[in-house]
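Down below is the structure, laid out as structure tokens.
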Amino acid sequence: MEIKSLANIDFNTIFNGFSRAFADYEMQLNRVQLEAMLKRRGFNPDLSFAAFEGDQIIAFTLNGTGYFNGIPTAYDTGTGTLKEYRGHGLATKIFEYSIPYLKENHIRQYLLEVLQHNTKAVSVYRNLGFEVSREFNYFRQKNEEIRNYSITDFVCTIESIEIKETDSVAGFWDFYPSWQNSFESIGRSAEEFVTLGAFTGNKLIGYAVFEPTSGDITQIAVDKQYRRKGVASLLLKEMAGINKNDSVKVINTDLACASITQFLQAKNIELKGKQFEMIRKI
């Protein structure tokens, strides 16, 4: 067995290892979907690592790199081990092998998300020095089950827009977006997203970023002065109209943010799971 970087490794080899590692999981991605996911999350093969037997991947960590809260960060965009090789600590060995290379490339922290019910993985990460930074909710609902009505006399218009400066909408936020929902991640696959703005006159009072192919509501926020007027409902209605998926999903909303939880539950968009966001300084 040899641990080495995925630099210069053919993507077919990576995809084959990924598919075999997750063969017994509910989540299944084809090659196109995996490539799209990795692109959005900033996959950096030079700073991603795997354990090989011969030319076959038996365990891996696919890292994205970028900035999070202004800090150079490595993000675990996918860690897996083939079923027959589990229980031998390969994920830990790969992680420990990677640290000197991440430091050499000026990465200052390592970020990941893990399902809260995956207690074994949570324990491994805690033992590696990770600490929980936030708790996230994950929502999903079939299009026909979404309860999207509102009674309001408030008039606003919904238009397709471009957001060129994060600062122009950060004041609308109740929480900082997760790695995969950040404008940096959205920008890596900008052609896949639609950004909608809600206006009263010429004033932007709310917006949403949406990926029609996957049904992913990546960001949705309304100016605090204009909440409870049906603005978010109008944005949701517009997104539902252009959705090409049979469902909508909202991943990584902050558990501490009651407003987004109440809004989604009012629309019958159901809570499906919870994650920990975890960070380790490097």
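Bear in mind the structure is a predicted one, so any value in this text is a computation, not a measurement.
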Any side-chain heavy atom of Gln219 sitting closer than 4.5 Å to one from Trp173? yes
Find the distance between CD1 (Ile217) and NZ (Lys249) and round it off to the nearest 0.5 Å. 11.0 Å
For residues Asn243 and Asn143, is any side-chain donor paired with an opposing acceptor at under 3.5 Å? yes
Side chains of Thr73 and Gln109: donor-acceptor distance under 3.5 Å anywhere? yes
Thinking salt bridges, do Asp24 and Arg86 make one under a 4.0 Å N-O criterion? yes
Can any side-chain N or O of Thr253 pair as donor or acceptor with the backbone N or O of Ile260 at less than 3.5 Å? no
Would you say Arg134's side chain and Phe276's backbone share a donor-acceptor pair under 3.5 angstrom? no
Are the side chain of Asn148 and the backbone N or O of Ser233 linked by a donor-acceptor pair below 3.5 Å? yes
Taking the inter-plane angle between the rings of Phe183 and Tyr207 on a 0 to 90° scale, is it parallel (under 30°), tilted (30 to 60°) or perpendicular (over 60°)? parallel
Using a 4.5 Å cut-off on heavy atoms from C-beta on, say whether the side chain of Ile279 contacts that of Leu111. yes
Are the aromatic ring centres of Tyr110 and Phe95 under 6.0 angstrom apart? yes
Any carboxylate oxygen within less than 4.0 angstrom of a Lys/Arg side-chain nitrogen, looking at Glu211 and Arg40? yes
Taking the side chain as every heavy atom from C-beta outward, state whether Glu113 and Tyr75 have any atom pair closer than 4.5 Å. yes
Quick check against the 3.5 Å criterion: does Glu184 have a side-chain atom that pairs as donor or acceptor with the backbone of Tyr67? yes
Donor-acceptor pair, distance only, cut-off 3.5 Å: does the side chain of Ser189 make one with the backbone of Ile186? no
Within a radius of less than 6.0 Å around CD of Glu159, do more than 12 heavy atoms belonging to other residues, nucleotides or ligands occur? yes
Are a donor atom and an acceptor atom from the side chains of Asn16 and Ser19 found within less than 3.5 Å of each other? no
Any side-chain to backbone donor/acceptor pair from Thr77 onto Arg41? Under 3.5 Å, distance only. no
All ring pair (Phe, Tyr, Trp, His ring centres under 6.0 Å) counterparts of Tyr97, not counting sequence neighbours: Phe49, Tyr101
Lys/Arg-Asp/Glu bridge criterion (N-O < 4.0 Å) met for Lys224, Asp174: yes
Stepwise side-chain contact (heavy atoms from CB on, under 4.5 Å) test for Tyr176 and Asn69: CA-CA 9 Å; Tyr176 190 84; Asn69 289 327; 3.2 Å; yes
Can you tell me how the ring of Phe11 sits relative to the ring of Phe15, calling it parallel under 30°, perpendicular over 60° and tilted otherwise? parallel
Ion pair check, Lys39 and Glu191, cut-off under 4.0 Å: yes
